[in-house]
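Written below as structure tokens is the structure these notes are about.
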2 protein chains.
Amino acid sequence: MPRTKSSTPGAPTIVDVAREAGVSKGLVSLVINDRPGVADATRARVRDAADRLGWRPNLQARRLSTRTTYALGLVLRRDPRIVAADPFYPAFMAGIESVLSPEGRVLVLSVVATAEAEERAYRSFAADRRVDGVFLNDLRHGDDRVGLLAGLGLPGVLVGRLEEPGSLPAVVLDDRPGVTAAVRHLVDLGHRRVAYVGGDPALQHARHRRQAFEEAVAGHGLTPTAVVDTDFTMAGGAAATAALLGGDRPTAIVYANDPMAVAGLGVLQGSGVRVPDAMSVVGFDGTEIGRHTHPALTTIRSDPEQWGAAAARTLLELATSGHAPDVELPPAELVPRRSTGPAPDR
Amino acid sequence: MPRTKSSTPGAPTIVDVAREAGVSKGLVSLVINDRPGVADATRARVRDAADRLGWRPNLQARRLSTRTTYALGLVLRRDPRIVAADPFYPAFMAGIESVLSPEGRVLVLSVVATAEAEERAYRSFAADRRVDGVFLNDLRHGDDRVGLLAGLGLPGVLVGRLEEPGSLPAVVLDDRPGVTAAVRHLVDLGHRRVAYVGGDPALQHARHRRQAFEEAVAGHGLTPTAVVDTDFTMAGGAAATAALLGGDRPTAIVYANDPMAVAGLGVLQGSGVRVPDAMSVVGFDGTEIGRHTHPALTTIRSDPEQWGAAAARTLLELATSGHAPDVELPPAELVPRRSTGPAPDR
DNA sequence: CTGAAAGCGCTTACAG
DNA sequence: CTGAAAGCGCTTACAG
């Protein structure tokens, strides 16, 4: 049986409010959307009626009419068991939330394990019109998601830099100054044998960090003792550290993220290599954990929360107006703590 | 200008499919929703037409008709700067995703900082009918969210146990066996002076763990050397550990989560207290990081991902059918590693 | 400055 | 087994 048109039971609708205020429902719509062309007295009368009835516009109906979802999408591709160890995304998501929440918008999250599932997630976001736009995070070399989104007609914002100047707005945080400062810090402490443990080289930011390291070392007339690519996991950081101890041993290691540095610290201590006396260690992220290791971790700090907030603002603007400018955030910076010290045996 | 009814431009609608298949749109709806009462040949014809046109039912329209949002809500109340250090929720969320994603449903996440904002988040989920139900996580003593949800008419599932037998289905994982095993492990190693660093006592699971610890210790005819409540943060764990070293020193410390245990490890090492020679340490969570500390962390492992998956299944069932049974997950268990060893000076 | 009506794209009884 | 029509609760030109 079709429900009778706006009888009193159930949540009030715009029809109830219109009747209560003695106006048409079109007018109610104008008022709650703050459109011009409504007399102040009428406006007040409608507002009062809505308050009295405790009416909130039905989001689904609004979505259908405006063809807007009031939601933004984030796809995380990674092993679910690893996601817990990554300190970046929780903070990044908190930043997104900080701008969406006051706007009454929400974040729709999709955690997937494989590249295929990732593509499916974007397609499904688009096909179901589930979100107004998506974040393009964990940018990869020759990333095909830009083309995918273009084909799907789904607005997207780049979280980071893509080498090909793209059609999508980018929200960028430059790692370079932090890495450069870290290398200078080590050189100033007398280190000449510095190694690097990088993240997954398929990821653009892993490449950028590594490249910044290599250039910084070269800038001091040195050559890296070793450069090892891994996958950003603690297990990867531990294995790389063990390998570095086996070979031509450096006096300092720079890691591409904090979890790897923490795992490296564990391996060094387990091998009887004193930090920082025998080995200096530098992380990357500036996360909570580095404050509480022993020794506390010298690290390169970026601000994932600000990054998330800026990306959300940019995506909102893009989805609303059709374009948005690039944003450049304050660059990463060095946070010296106790895991770096003078080079041994000078 | 009102858009002309289903002209060809833009995405195809159910009307286009109906025309293409030569049936009414009502019939198309029956077919895609797998309702009985449609001839197989017709069914196939409709499916073909939909495929040919690349049609996917519009989610917003469907939501409006069915009064279902195809989304579940999770509210996280915590300092955004702390969220990154918590290993539980990313895994828990991955578990939720693992059941929602194949169903074409999504998780809507809200990260809030205060109790007021938390209540607002639930109210807004309900008022905007943004989700079909919510997870009630981080259960607190005398939690008023159960009443709040009842008032809002919003289905909810308890993630954990509430002491008052409630009207809401609960998905429970018993910490007790893990804690009991940890204490037995320590006693077997000769420890008689065991301390406990607990989490925020406002949280039910913090109380349960603490209580389990106290009962286990009493079960061996011992008394805890000290029991310190904190807030589950690394900073809290570090401070509590420092305090324990100042007083009547224990030979083993059990922590209510891994981050606190890791921070405790840092303080112990910084104070020259060798682990496990002079002090045994037990964590709680079984997270990745504990594998890579030095020494590797003995911990009590639960399975946040399974927990998330079970909670999602239960909430889906509740939202669909109006009720769902409680679920009891396999209990937490001890994972002995290197941070526990024989008690010193017996 | 306001009202009446059509439209968004589905679902669902009801009548055949 | 199928079709025509009303309804979900909004928004938006258009006419007054």
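Computed from a predicted structure; not experimentally measured. FYI, side chains are in, hydrogens and waters are out, and symmetry mates aren't considered; it's all heavy atoms of this structure.
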Distance, rounded to the nearest Å, where [X] contributes [atom1] and [N] contributes [atom2]:
X	N	atom1	atom2	answer
Leu59(A)	dC8(D)	CG	P	18 Å
Gln60(B)	dG7(C)	CD	C1'	16 Å
Arg129(B)	dC10(D)	CZ	C1'	11 Å
Ile32(B)	dT11(C)	CD1	C1'	9 Å
Ile14(A)	dG9(D)	CD1	P	11 Å
Arg67(A)	dT12(D)	CZ	C1'	13 Å
Asp16(B)	dC8(C)	CG	P	11 Å

Just call it for [X]: base, sugar-phosphate, or nothing, with non-hydrogen atoms closer than 4.0 Å on any strand.
X	value
Ser29(B)	base
Arg35(B)	sugar-phosphate
Arg56(A)	sugar-phosphate

Side chain proximity check, Asp48(B) to Arg52(B), heavy atoms < 4.5 angstrom: yes
Nearest-neighbour nucleotide for the Asn58(A) side chain, dG9(D), dT11(D), dG7(D) considered: dG9(D)
Proximity to the side chain of Thr13(B) - top-ranked nucleotide from dC1(C), dT11(D), dG9(C): dG9(C)
Earlier contact from the 5' end, DNA chain C, for Pro36(A) and Pro57(B): Pro36(A)
Any side-chain N or O of [X] below 4.0 angstrom from OP1/OP2 of [N]?
X	N	answer
Arg62(B)	dC8(D)	no
Arg63(B)	dC8(D)	no
Thr42(A)	dT2(C)	yes

Under the side chain to side chain contact (heavy atoms under 4.5 Å, CB included) test, residues paired with Glu118(A) that sit two or more places apart: Val75(A), Arg77(A), Val112(A), Tyr122(A), Arg140(A), Arg145(A)
Asp128(B)/Arg120(B) salt bridge by N-O under 4.0 Å criterion: no
Salt bridge Arg19(A)-Asp16(A), side-chain N to carboxylate O under 4.0 Å: yes
Side-chain donor-acceptor pair present, Asn33(B), Arg62(B), cut-off under 3.5 Å: yes
Dump the pairs, protein N or O against N or O of nucleotides 3-5 of chain C, anything under 3.5 Å, distances to one decimal.
{"unit_1": "dG3(C)", "atom_1": "OP2", "unit_2": "Ser24(A)", "atom_2": "N", "d": "3.4"}

Side-chain donor/acceptor of Trp55(A) to backbone N/O of Ala49(A), under 3.5 Å: no
From CG (Asn137(A)) to CG (Leu76(A)), nearest 0.5 Å: 6.0 Å
Distance, nearest 0.5 Å, that separates CG of Leu100(B) from CG of Leu316(B): 6.5 Å
Nucleotide-level pairing of DNA chain D, given in dot-bracket where Watson-Crick and G-U pairs need both distances under 3.5 Å and | marks other strands: |||.||||||||.|||
Aromatic ring pairing Phe88(A)/Phe92(A), orientation class (parallel under 30°, perpendicular over 60°, tilted between): parallel
Closest heavy-atom pair and its distance - Pro169(B), Gly156(B): CD-O, 3.9 Å
